[in-house]
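Here is the structure we will look at, set down as structure tokens.
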Amino acid sequence: MLLLIFLTISVVATSASPWIPMDGNNPASYCLSWRLAIETNNVRAWRTVPLQCMRYVEAYMLAGQYDRDVELIVEQVRVYLNEIVLPGDGMDAWILDVDDTCFSNVYYYRLERYGCDPYDPTGFRTWAMKGESPAIQPVLELFNDLIEIGFKVFLVTGRDEETLRQATVENLHNQGFTGYERLIMRTAENKKQSAATYKTTIRKQLMEEGYRIWGNVGDQWSDIQGEYSGNRTFKIPNPMYFVP
């Protein structure tokens, strides 16, 4: 019985830990360096998470470090907000991405081995149609603060307008994202554009409407790079996938 208990504990510890030596080496140092490289955009256009980093990404997303990182970023947004004096003409805008910025898809990516498997658009669409993505709490609190301060919050997402609008609206609503100015989604007109081009186009249109973009928050570099990105940009960490 004691031997059985020992073996059970050993198996659980091994399967749950990201610090498993491979070929005599500890992969944690590599995975930490890899995550730093992708978050600083030094590694670009990567397609999947390295297989040896699956447990590392799992631990990062679920064991608390991701939450602490997001909280720190939101704190920096608030520092910036304290420096802003709004003109009060109703044209002060803030942009938020939706997926893995407003709410999390980590439960879907758990089934995709936290990004080790190639992106499956059909599988993700099926998940998104369920409308079960939970809010990223610090971002939800920031969202509510932005509206209270007087910003017009625009949610700009690469989700497809035709198939996912209703599910996305309902998911946002049931997670507490209410009172935003506009939810902007991909249409047939911009369906073939890269995410970076599409989001730049949307920001340009907003500025042509007279809005001042004070801030822009997203989990992908394509959310925040390019022209008309706003006075300040803030990136939410995401080691599970890359969107060009």
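What you see below is based on every heavy atom in this structure, not just the backbone, and it leaves out hydrogens, waters and symmetry mates.
A cation-pi arrangement is absent between R47 and Y119 under the rule of less than 6.0 angstrom and at most 45 degrees off the ring axis.
Remark: E58 engages R55 in a salt bridge, criterion side-chain N to carboxylate O under 4.0 Å. Taking 4.0 Å as the cut-off between side-chain N and carboxylate O, E227 and R203 do not count as a salt-bridged pair.
Taken together, C53 and C31 meet the criterion of an SG-SG distance shorter than 2.5 Å.
Of the N and O atoms on the side chains of T197 and S194, at least one donor lies less than 3.5 Å from an acceptor on the other residue. Under 3.5 Å, the side chains of T101 and D219 contain a donor-acceptor pair of N or O atoms. In the model, N171 has no side-chain atom that pairs as donor or acceptor with a side-chain atom of Q175 under 3.5 Å.
Residues that satisfy the side-chain contact (heavy atoms from CB on, under 4.5 Å) test with T178, not counting sequence neighbours, are H173. E208 pairs by the side-chain hydrogen bond (donor to acceptor under 3.5 Å, both in side chains) definition with K204, not counting sequence neighbours.
Classified by interplanar angle (parallel below 30°, tilted 30° to 60°, perpendicular above 60°), the ring pair Y109/Y241 is parallel. Ring geometry, F242 versus W46: the interplanar angle falls from 30° to 60°, so the pair is classed tilted.
Shown here is M129, whose CE atom has no more than 12 heavy atoms of other residues, nucleotides or ligands within 6.0 Å. Heavy-atom contacts from other residues, nucleotides or ligands closer than 6.0 Å to CD of E209 number more than 12. The 12-atom threshold is exceeded at CD of E83, counting heavy atoms of other residues, nucleotides or ligands nearer than 6.0 Å.
Under a 3.5 Å cut-off, the side chain of R44 and the backbone N or O of N41 do form a donor-acceptor pair. A side-chain donor-acceptor contact under 3.5 Å links D120 to the backbone of G123. D100 contributes a side-chain N or O that, together with a main-chain N or O of N105, makes up a donor-acceptor pair within less than 3.5 Å. T40 places a side-chain N or O within 3.5 Å of a backbone atom of L36 that can act as its donor or acceptor partner. Checking side-chain atoms of K199 against main-chain N and O of V156 turns up a donor-acceptor pair under 3.5 Å. Distance alone, capped at 3.5 Å, is enough to place a donor-acceptor pair between the N216 side chain and the D223 backbone.
Between P237 and Y60, the closest side-chain pair of non-hydrogen atoms falls below 4.5 Å. N144 places none of its side-chain heavy atoms less than 4.5 Å from the side chain of F177. With a 4.5 Å cut-off on side-chain heavy atoms, N231 and I213 do not count as touching. Here the side chains of M61 and M240 are in contact, with some heavy-atom distance below 4.5 Å. Between V70 and I136 there is a side-chain heavy-atom pair separated by less than 4.5 Å. Two residues are said to be in side-chain contact when any heavy atoms from C-beta on lie closer than 4.5 Å; L155 and I184 fail this criterion. Counting heavy atoms from C-beta outward, S222 and Y198 have side chains that stay 4.5 Å or more apart. Proximity of M185 to D160: side-chain heavy atoms (C-beta onward) are nowhere separated by under 4.5 Å.
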Item to complete: Carefully, step by step, assess R212 and D89 under the rule salt bridge (Lys or Arg N to Asp or Glu O under 4.0 Å).
Response: CA-CA 11 Å; R212 293 176 292 272; D89 60 0; 2.5 Å; yes
Worksheet item: Run the ring pair (Phe, Tyr, Trp, His ring centres under 6.0 Å) check on Y211 and F154 step by step: do they pass?
Response: CA-CA 11 Å; Y211 288 102; F154 292 86; 4.9 Å; yes
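When ring centroids are compared, Y30 and Y56 stay outside the 6.0 Å threshold.
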For residues 74-81, which side-chain N or O atoms pair as donor and acceptor with protein atoms under 3.5 Å away, sequence neighbours left out?
from: R78; atom 1: NE; to: D145; atom 2: OD2; distance (Å): 3.2
from: R78; atom 1: NH2; to: D145; atom 2: OD2; distance (Å): 2.5
from: Y80; atom 1: OH; to: W214; atom 2: O; distance (Å): 2.7

